[in-house]
Amino acid sequence: IIKNEDVLYRSNLVLVPNQNFQVTLNLKGPINDIYAVKEQQFRVVLNLDEYVLKKGENNIPVHIEKSPANIKIINSDNLWVKVNLDKLTTKKIPLKLKVAGKAKEGYYPLTGELSQKRVSINGPSKYIDLAYSAVANINITNLTQDIDSEVEVKVLDQDGEVLNTVKSLPKTVRVKVPIRRTKTVPINVKTTGEVDDKKQLKDIISLPEKVNIVGERSEERRVGKECM
């Protein structure tokens, strides 16, 4: 158990991710109890508020706060772990919206909106340097109406891989994606001017002959009448 991790932030330090803190306990007691003992019966504490810490490797003693009464820990006064710390760094990166899936047939998504265009991230300096952008993912599969939701922010490196070693502030952002009905309407070609007397206009063909439009129902009906 790590206690008082918040003291690191006051010194602009942070734990390097993916560290495995372990100690080996030398136990003494009845043989049956020794074989039956489980890891969960011990509480080993690493208190970060008791020592002056620095960037890089720190050797810190740990304490035993809980252990079975019938078991003695022979090396309890000589338990140390190596703790790697890095400089706590903050920077801002651009936030993008990524829309996945397709709305239900007959519907189409308009351009989505984010509650903000940039986010702050913090973490170990070596990982902050790898951060390139952030993304908010939203799925619109089979939707027929607008979506307005809080979405988790994911931090990406330059290759688009998620960086779980840094934190985004805020952790979530608000995403709005308008979903509108679509309608297929013919194209009505309107002409101006007159054809020369020696020539005859045989036909006017539009390519394509029809287009899909997106909008509110009232607008679709009005456009449909004008195009008929």
Side-chain angles (χ1 to χ4, degrees), residues 1-23 43-63 80-103 108-143 145-180:
I1 298 176
I2 298 177
K3 282 188 175 182
N4 299 310
E5 187 176 348
D6 59 305
V7 302
L8 297 177
Y9 303 129
R10 297 199 293 267
S11 302
N12 286 323
L13 294 172
V14 65
L15 287 168
V16 174
N18 304 321
Q19 296 185 73
N20 186 17
F21 301 123
Q22 288 186 339
V23 292
R43 179 182 295 150
V44 183
V45 174
L46 173 63
N47 192 344
L48 298 177
D49 194 26
E50 295 179 350
Y51 307 95
V52 177
L53 303 173
K54 66 183 187 305
K55 178 183 176 180
E57 186 177 284
N58 297 262
N59 288 317
I60 304 176
V62 298
H63 306 289
W80 299 75
V81 293
K82 292 181 179 181
V83 179
N84 285 301
L85 302 177
D86 197 359
K87 180 182 178 182
L88 178 63
T89 305
T90 301
K91 77 173 183 179
K92 289 188 175 183
I93 55 175
L95 175 64
K96 300 177 181 179
L97 173 61
K98 186 176 182 180
V99 179
K102 291 184 178 181
Y108 188 82
L110 302 184
T111 301
E113 297 180 5
L114 290 164
S115 57
Q116 57 192 78
K117 296 181 179 180
R118 297 173 70 84
V119 292
S120 295
I121 58 172
N122 68 23
S125 59
K126 62 179 293 186
Y127 294 105
I128 290 294
D129 291 340
L130 298 176
Y132 181 73
S133 65
V135 65
N137 296 301
I138 197 160
N139 195 309
I140 62 166
T141 300
N142 290 327
L143 291 185
Q145 58 186 3
D146 299 354
I147 184 170
D148 185 342
S149 180
E150 286 288 325
V151 177
E152 180 183 5
V153 175
K154 295 185 181 296
V155 181
L156 309 177
D157 63 16
Q158 197 164 5
D159 297 323
E161 299 294 327
V162 176
L163 283 175
N164 293 317
T165 49
V166 299
K167 296 179 181 179
S168 169
L169 301 172
K171 294 181 180 180
T172 63
V173 292
R174 190 174 182 180
V175 175
K176 295 180 180 180
V177 180
I179 306 294
R180 297 292 181 266

Going from CG on Asp129 to CG on Asp157, what distance comes out if it is rounded to the nearest 0.5 angstrom? 12.5 Å
Side chains of Asn122 and Val166 in contact at under 4.5 Å (non-hydrogen atoms): no
Is any side-chain heavy atom of Asn84 closer than 4.5 Å to one of Lys82? no
Dump the intermediate steps for side-chain contact (heavy atoms from CB on, under 4.5 Å) on Val23 and Val81, then the final yes or no. CA-CA 7 Å; Val23 292; Val81 293; 3.5 Å; yes
Rounded to the nearest 0.5 Å, what separates atom CG in Leu156 from atom CG in Leu130? 12.0 Å
Separation of Ser133 OG from Lys96 NZ (nearest 0.5 Å): 5.0 Å
May I have the step-by-step check of side-chain hydrogen bond (donor to acceptor under 3.5 Å, both in side chains) for Thr172 and Glu150, ending in yes or no? CA-CA 6 Å; Thr172 63; Glu150 286 288 325; 3.0 Å; yes
Spacing of Ile128 atom CD1 and Leu163 atom CG [to the nearest 0.5 Å]: 8.5 Å
Do Asp146 and Arg180 have side-chain heavy atoms sitting under 4.5 Å apart? yes
Counting N and O atoms only, with roles assigned by atom type, does the side chain of Asn58 sit under 3.5 Å from a partner on the main chain of Gly56, one being a donor and the other an acceptor? yes
Interatomic spacing from CZ in Phe21 to CG in Leu46 - rounded to 0.5 Å: 6.5 Å
Does some side-chain heavy atom of Val175 sit less than 4.5 Å from a side-chain heavy atom of Ser149? no
Does some side-chain heavy atom of Pro124 sit less than 4.5 Å from a side-chain heavy atom of Thr165? no
Under the side chain to side chain donor-acceptor pair (under 3.5 Å) test against Asn139, which residue among Asn137, Asn142, Thr141 passes? Thr141
Can you spot which of Asp86, Thr90, Asn12 makes a side chain to side chain donor-acceptor pair (under 3.5 Å) with Ser125? Asp86
Salt bridge present between Arg174 and Asp148 (N-O < 4.0 angstrom): yes
Does Glu57 offer a backbone N or O that forms a donor-acceptor pair with the side chain of Lys54 under 3.5 Å? yes
State, yes or no, whether a side-chain contact exists between Ile1 and Val44 at a heavy-atom distance under 4.5 Å. no
Just wondering, more than 12 heavy atoms not from Lys92 lying within 6.0 Å of its NZ? no
Heavy-atom pair of closest approach, residues Val173 and Val153: CG1-CG2, 3.8 Å
Validation row: Val16, Asn18 side chains within 4.5 angstrom (heavy atoms): no
Non-hydrogen atoms of Ala103 and Tyr108 that approach each other most closely: CB-N, 4.4 Å
Carefully, step by step, assess Leu48 and Ile2 under the rule side-chain contact (heavy atoms from CB on, under 4.5 Å). CA-CA 7 Å; Leu48 298 177; Ile2 298 177; 3.7 Å; yes
